[in-house]
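A short worksheet on the structure shown next.
By convention in this document, chain letters (A, B, ...) are assigned in the order of the sequence lines, proteins followed by strands, and residues within each chain are numbered from 1.
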2 protein chains.
Amino acid sequence: MARWHEVAQALREAVTAGTYPPGTKIPTEDQLEEQFACSRTTIRRAVAQLTAEGLVLPVRRGGTTVREHPERQPFALDTHVYRDELGYYFSRTVQDLRPVQPPTVGQGPCPPDVVALLGLQTGELVIIRDRVMGEPETGRVVQLATSYLPADLAAGTVLAEADTGSGGIYDRMEGELGWGPLDWHGVIAARAASADEARLLRLGPGVPVLTVTRTAIATAGSAEGRVVEVNVTRRDASRFEVRYPIRRDV
Amino acid sequence: MARWHEVAQALREAVTAGTYPPGTKIPTEDQLEEQFACSRTTIRRAVAQLTAEGLVLPVRRGGTTVREHPERQPFALDTHVYRDELGYYFSRTVQDLRPVQPPTVGQGPCPPDVVALLGLQTGELVIIRDRVMGEPETGRVVQLATSYLPADLAAGTVLAEADTGSGGIYDRMEGELGWGPLDWHGVIAARAASADEARLLRLGPGVPVLTVTRTAIATAGSAEGRVVEVNVTRRDASRFEVRYPIRRDV
DNA sequence: CAGTGGTCTAGACCACAAC
DNA sequence: TTGTGGTCTAGACCACTGA
């Protein structure tokens, strides 16, 4: 077994055994180098592994902290859409979240993985609406949500404005724009965090994020049959999970 | 921007642009070292990143191959359980899979993340049933499934035998053992692959796997109220996703 | 402002599997 | 057999940020 595997395993066991409780720091790289009698490169390889597993988070000058690793919190599966006077809701709120910074609206090229969903060509422009959500108490960022809307449909409409008004974009689509009723479906997937995501969610590079992608399709009006929005929501995969009931159909 | 970021970005663009099509190899590390005029360590850091993203797979002596990266394949959400004369089915088969090796049955300590689900104490023994599933044509392994059953309930019963007979363990539980009808629920999550998972699924270390965990609860008999099985199914997160419909409840 | 992790170099040897 | 990626060393400098 490679030396860095041994070091990683030793550290992993020390963390789970409580030698280094959550919130505390593991020894510095120089100290570990001495403790395990190997080069710093080997130590770094081991710590990189624990980082990828979401167990620790290194911060420059601040040392490497053991992350809280509670039970994963539920991230309700939104198989049903509800509506009240305020707008549409895709999940009963499991955890209260609030915007950490004002939502941003911009225009840019369509990311490769969204191109196919929107039925566009590579390089076509889309309206991009970004929301960064965090815990109300701590302000800690836990969720990133980005909406992509085809520019040929949304540019120049209220959908491209910062404030979309009461009820949000879905009310605008089904109301003024006459695209409704909308059809939705969802996809759950996971991938390594991008550099931006890692920074905002305070994750190490390459740590998995859980993604829920919701697609909205117009069934009427000028956009009939078109995918009018793709919403990608991302969370730290080590802290969240999607739960669902299984019904007996016999 | 760090040099290895630049190298990674250049390689990433070369791959997505088709300079290195799926199935072909990127240049060797020595060649990249020359091409980018930096040390091999820097090259390796960049390639490690692409590996974590699931874009390439390095094989010793075989070079580093660009992975096929088709659209993610659906991995149907099993919100309903069906039953026929052969047994219970949790998902309409999206893709035909067959066992790559005979299922194994053993007894061992309960993994930490399963302890809580089974309602056991740390260190208690469980029956472990392992299945490795692959594509019928190529034999390529795409799914790992492991069942954990409390030893105090399952040891000595047919549940601990290699062949559980027609209909599988759920029929035994609901039939001879009188634990039924069973209740199930599921959880979707993601995490970095373990070393074993990475080897079997042919992934790089730390690459995300998508997990679907199904829990079975007895509603009758000697096991009433107990969790009698936890099944953890894992797939390469870069190749599979869970799709689900969204219903309008208003 | 100084100690931490982040990056990078140049070089060596090894283990494995494709050739 | 041998070329490939895998591991490891010893050392250097840098950049950021928390003490």
Whole angstroms only, please: what is the CZ-P distance between Phe36(A) and dT9(D)? 13 Å

Say whether, by atom type as modelled, one donor and one acceptor occur between the side chain of Arg45(A) and the main chain of His5(A) under 3.5 angstrom. no

Between Asp236(A) and Arg67(A), does any side-chain N to carboxylate O distance fall below 4.0 Å? yes

If you check every side-chain atom of Thr28(B), which of dG6(D), dT4(D), dC8(C) has the closest atom? dT4(D)

Nucleotide nearest Arg44(A) when distance is taken to its side chain, options dT9(C), dG5(C), dC8(D): dG5(C)

Length of the line joining Ile43(B):CD1 and dT7(C):P, which is rounded to integer Å: 15 Å

Tell me: CG of Asp30(A) to P of dA2(C), nearest whole Å? 17 Å

Would you say Glu34(A) has more than 12 foreign heavy atoms packed within less than 6.0 Å of its CD? no

Could you write nucleotides 11-19 of chain C as a row of B, S and -, 5' to 3', where a protein heavy atom under 4.0 Å of any base atom gives B, of only sugar-phosphate atoms gives S, and otherwise -? -B--BBBBS

Working for side chain to side chain contact (heavy atoms under 4.5 Å, CB included), residues Tyr20(A) and Leu55(A): CA-CA 11 Å; Tyr20(A) 307 120; Leu55(A) 220 57; over 6 Å; no

Please list all pairs passing the salt bridge (Lys or Arg N to Asp or Glu O under 4.0 Å) test where one or both residues lie in residues 10-19 of chain B, with sequence neighbours left out. Arg12(B)-Glu53(B)

Please state how far atom NE2 in His5(A) lies from atom P in dG6(D), giving the value in whole angstrom units. 12 Å

Is a donor on one side and an acceptor on the other found under 3.5 Å between the side chain of Arg3(B) and the backbone of Ile43(B)? no

How many Å lie between CZ on Arg199(A) and P on dA15(D), as a whole number? 19 Å

Counting only N and O atoms by type, is there a donor-acceptor contact under 3.5 Å from the side chain of Arg234(B) to the main-chain atoms of Ala193(B)? no

Are side-chain N/O atoms of Arg131(A) and Ser147(A) paired as donor and acceptor at under 3.5 Å? no

If I take atom CZ in residue Arg3(A) and atom P in nucleotide dT9(D), what distance separates them, rounded to the nearest angstrom? 8 Å

More than 12 heavy atoms of other residues, nucleotides or ligands under 6.0 Å from CZ of Arg202(B): is that the case? no

Atom-to-atom span, CD of Glu29(A) to P of dT7(C) - whole angstrom: 11 Å

Separation of atom CZ in Arg45(A) from atom C1' in dG5(D), rounded to whole Å: 13 Å

Tell me, which stems hold DNA chain C, with a stem being 3 or more Watson-Crick or G-U pairs in a row and both distances under 3.5 Å? C:1-18 with D:1-18

